[in-house]
Amino acid sequence: MNHWLMKSEPDEFSIDALKKVGREPWSGVRNYQARNFMKAMKVGDPILFYHSSCAVPGVVGIAEVVSDLYPDPTQFKPKSDYYDPASKPEEPRWWLVDVGFKRKLKRVITLEQLKAESDALGEFALLNRGNRLSVLPVTAAQYKHILSLE
DNA sequence: GCCAACGTTGGC
DNA sequence: GCCAACGTTGGC
């Protein structure tokens, strides 16, 4: 089992929105590194749900992988923002999983707090300089440590 | 709204 | 294959 962190802008799709719908196809990832991480996901993998580009960025909830990998349908839809004319149905370029709601944290574990814990957390893609990955791996130890801050 | 970081595109 | 231009992310 692997652990993950997934970013979402709360104005676009918040933890409350995920709670409301229960599960959501994680469409629109158009970064190869993030896609490759998603390809490694298995049903049941825990996900830290992170709010980015907002007043208080941080981990706000827990989700989990609830589907196997399948091609992102938006890449074939010309009207979609995520349309990729170079991708062929017989050889899809972009893949996704469905993300299911588990629970909201009692409070936000802020990016500021995570930075303060960087010694304890060790190497962590989220805290790397200029990091822009929307899907990134978390070790079991990091996952546990982050949730202990709740 | 600004701007640093960095991935992608496209001319050569 | 190089690299300048451009677009996007995301913290502040």
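Below, chain A is the first sequence line, B the second, and so on; all start at residue 1.
- Summarising the geometry, the separation between CD on Glu9(A) and C1' on dT9(C) is reported as 8 Å, rounded to the nearest angstrom.
- Grouping Ile, Leu, Val, Met, Phe, Trp and Tyr residues whose side-chain heavy atoms lie under 4.5 Å apart, directly or via other members, places Tyr32(A) in a hydrophobic cluster with Trp94(A).
- In this structure, the side chain of Arg30(A) engages the main chain of Tyr82(A) through a donor-acceptor pair within 3.5 Å.
- By the 4.0 Å N-to-carboxylate-O rule, Arg103(A) lies close enough to Glu150(A) to be salt-bridged with it.
- Within the 4.0 Å cut-off from OP1 or OP2 of dC6(B), not a single side-chain nitrogen or oxygen of Tyr32(A) is found.
- Sorted by first and then second residue, the pairs that involve residues 136-146 of chain A and meet side-chain hydrogen bond (donor to acceptor under 3.5 Å, both in side chains), not counting sequence neighbours, are Glu117(A)-His145(A), Thr139(A)-Gln142(A).
- Atom CD in Gln113(A) sits roughly 15 Å away from atom P in dG11(C) (whole-Å rounding).
- Among the nucleotides dT8(B), dG10(C), dG11(C), the one closest to any side-chain atom of Ser53(A) is dG10(C).
- For Asp81(A) and dT8(C), the CG to C1' distance is 14 Å, given to the nearest whole Å.
- Contacts between residues 119-135 of chain A and DNA chain C, defined by a heavy-atom separation under 4.0 Å, are made by Asn131(A), Arg132(A), Leu133(A).
- Separation of atoms CD1 (Ile146(A)) and CD (Gln113(A)) is listed at 10.5 Å; rounding is to 0.5 Å.
- The nearest whole Å value for the distance from the NE2 atom in His51(A) to the C1' atom in dC12(C) is 19 Å.
- Between Trp26(A) and Phe49(A), the ring planes are perpendicular. Angles over 60° get that label, and only those under 30° would be called parallel.
- Atom CG of Asn31(A) and atom P of dG7(C) are 18 Å apart (whole Å).
- In this entry the distance linking CG of Asp11(A) with C1' of dG10(C) reads 13 Å, nearest Å.
- dT8(B) atom C1' lies 12 Å from atom CG of Asp84(A), rounded to whole Å.
- Using a 4.0 Å cut-off between a side-chain N of Lys or Arg and a carboxylate O of Asp or Glu, Lys104(A) and Asp16(A) qualify as a salt bridge.
- Separating the CZ atom of Arg35(A) from the P atom of dT8(B) is a distance of 10 Å, rounded to the nearest angstrom.
- Contact between the side-chain N/O atoms of Lys7(A) and the OP1/OP2 oxygens of dG10(C) is found at a separation under 4.0 Å.
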